[in-house]
2 protein chains.
Amino acid sequence: MAIIRNTIAKKTVFEIIQLNKTAMSQTEIFAMVNNICDRVTVYRILERLVKEMKIHKIVNVNGVINYAPCNSCEHEQHLHHDHLHFSCTTCKKLTCIADNHIELNIPSNYQVAEVFLTVSGICPNCLIIP
Amino acid sequence: MAIIRNTIAKKTVFEIIQLNKTAMSQTEIFAMVNNICDRVTVYRILERLVKEMKIHKIVNVNGVINYAPCNSCEHEQHLHHDHLHFSCTTCKKLTCIADNHIELNIPSNYQVAEVFLTVSGICPNCLIIP
DNA sequence: TTATAAACGCAACAATGTTGCATAATTGTA
DNA sequence: TACAATTATGCAACATTGTTGCGTTTATAA
């Protein structure tokens with residue numbers, strides 16, 4: 001069994017993700033850690049936090065991987081069945097929107113693991129500015 | 001108004017996408033055009049085909065952008081409301097699965113443009129092999 | 001306090017996507 | 001059919017994102 005260590009860098013990264021309202025990319029997170037560690041370390045910390053199920057990985061509509069805390073989704077298997085991600089095309093921010101249970105209609109010969117539901121558009125913040 | 005040209009490279013790329021059963025990445029498409037053109041040209045052709053609404057862009061769960069023909073989704077706005085993408089974690093292939101109308105529950109201050117519904121798991125082909 | 005395995009930094013690499021610019025090719029029109 | 005206009009291409013160079021190997025540092029259990 002691997003021993004999990006709680007390093008300063010790891011704590012800092014996790015705090016940043018938790019405090020932020022929108023999901024963040026590695027680039028954004030690294031910009032906020034203030035050179036407390038190397039950018040490779042950020043990648044490795046994110047990888048570990050995902051494995052420990054403290055954060056989850058969401059792909060933005062442009063292909064950039066984002067990370068968000070696993071607050072409301074503590075169920076095993078890490079399924080996102082009632083979870084929706086809004087991807088703003090203006091500010092590029094990815095926001096979690098809960099309470100979206102959906103019914104799928106997938107042939108039984110497919111083995112489903114995770115459900116990713118992402119909606120693109122313009123978020124309230126960006127709609128204000130004309 | 002821009003004049004749309006139908007070049008050999010563009011026709012070839014479009015044919016490849018149409019004939020393939022699964023969505024394809026730029027890398028896969030470029031591998032199939034047999035050096036008929038540069039890889040940058042493939043990127044630009046894909047960009048144009050998306051703008052002309054002949055193909056659409058789907059992000060795989062690993063962040064790689066894939067392209068699929070717009071066969072069954074001819075409605076304006078390019079919305080994918082009744083369209084689902086299955087992303088196989090084994091063979092990495094992205095398959096379109098139709099007939100999946102979903103109801104969303106998004107606050108009215110969000111302006112929705114497109115809906116991306118992607119399910120990861122194991123596809124029938126990969127399930128056969130034990 | 002120390003041994004040990006986890007975590008890190010650095011350098012180098014790999015994959016994917018973008019941009020600028022000179023050249024080639026397609027298409028409407030004369 | 002030839003020409004002009006402008007779209008499309010090739011090439012080189014760059015940017016971003018993510019990965020790997022390896023020697024060194026550090027957190028934690030004992």
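One atom, CZ of B:Phe30, and another, P of D:dT9, lie 13 Å apart when rounded to the nearest Å. Atom-to-atom, CD1 of B:Ile65 to P of D:dT16 comes out at 16 Å; the value is rounded to the nearest Å. For B:Asp38 and D:dT9, the CG to C1' distance is 8 Å, given to the nearest whole Å. When rounded to the nearest whole Å, the span between CG of A:Asn62 and P of D:dT16 equals 14 Å. Atom CD of B:Glu47 and atom P of C:dT16 are 18 Å apart (whole Å). Distance A:Met24 CE to D:dT17 P: 13 Å, rounded to the nearest Å.
For the helix from C:dT1-D:dA30 to C:dA30-D:dT1, the rotation axes defined at the first and last 5 base pairs enclose an angle of 30°, given to the nearest 10°.
Contact annotation: the side chain of B:Val119 approaches that of A:Ile106 to within less than 4.5 Å [non-hydrogen atoms, C-beta and beyond]. Looking at heavy atoms from C-beta onward, B:Ile65 lies out of side-chain contact with B:Leu46 at the 4.5 angstrom threshold. By the 4.5 Å heavy-atom criterion applied to side chains, B:Thr95 and A:Tyr110 are counted as neighbours. B:Thr41 is not listed as a side-chain neighbour of B:Val13, based on a closest heavy-atom distance of 4.5 Å or more. For the pair B:Leu117 and B:His85, the minimum side-chain heavy-atom distance is 4.5 Å or more.
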Quick test: give all pairs of protein nitrogen or oxygen and nucleotides 20-22 of chain C nitrogen or oxygen below 3.5 Å, distance rounded to 0.1 Å.
{"unit_1": "C:dG20", "atom_1": "O6", "unit_2": "B:Arg44", "atom_2": "NH2", "d": "3.3"}

If you restrict it to nitrogen or oxygen atoms, what contacts under 3.5 Å exist between nucleotides 27-29 of chain C and the protein, and what is each distance?
{"unit_1": "C:dT27", "atom_1": "OP1", "unit_2": "B:Asn6", "atom_2": "N", "d": "3.4"}

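Using a cutoff of 4.0 Å between basic side-chain nitrogens and carboxylate oxygens, B:Glu114 and B:Lys57 are not scored as salt-bridged.
B:Ser25 comes within contact range of no nucleotide atom at all, as no heavy-atom separation falls under 4.0 Å. At the heavy-atom level, A:Ile36 lies under 4.0 Å from the strands shown only through sugar-phosphate atoms.
In this structure, A:Lys93 has no salt bridge (Lys or Arg N to Asp or Glu O under 4.0 Å) partners at least two apart in sequence or on a different chain. Scored by the salt bridge (Lys or Arg N to Asp or Glu O under 4.0 Å) test, B:Glu47 finds no partners at all (sequence neighbours excluded).
The line from CG of A:Asn109 to SG of B:Cys123 is 9.0 Å long, rounded to the nearest 0.5 Å.
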Can you list, pair by pair, the side-chain donor-acceptor contacts under 3.5 Å of residues 26-37 of chain A, counting residues two or more places apart and other chains?
{"unit_1": "A:Gln26", "atom_1": "OE1", "unit_2": "A:Tyr43", "atom_2": "OH", "d": "3.4"}
{"unit_1": "A:Gln26", "atom_1": "NE2", "unit_2": "A:Arg39", "atom_2": "O", "d": "3.4"}
{"unit_1": "A:Glu28", "atom_1": "OE1", "unit_2": "A:Ser25", "atom_2": "N", "d": "2.9"}
{"unit_1": "A:Glu28", "atom_1": "OE1", "unit_2": "A:Ser25", "atom_2": "OG", "d": "3.3"}

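Nearest-nucleotide positions on DNA chain C place A:Arg48 closer to the 5' end than the other of A:Arg48 and A:Arg39.
Of the candidates D:dG18, C:dT26, D:dT9, the closest approach to any side-chain atom of B:Thr41 belongs to D:dT9.
A distance-only check finds a donor-acceptor pair linking the side chain of A:Asn66 to the backbone of A:Val64 [under 3.5 Å].
Within the structure, a side-chain polar atom (N or O) of B:Thr27 is placed less than 4.0 Å from OP1 or OP2 of C:dT16.
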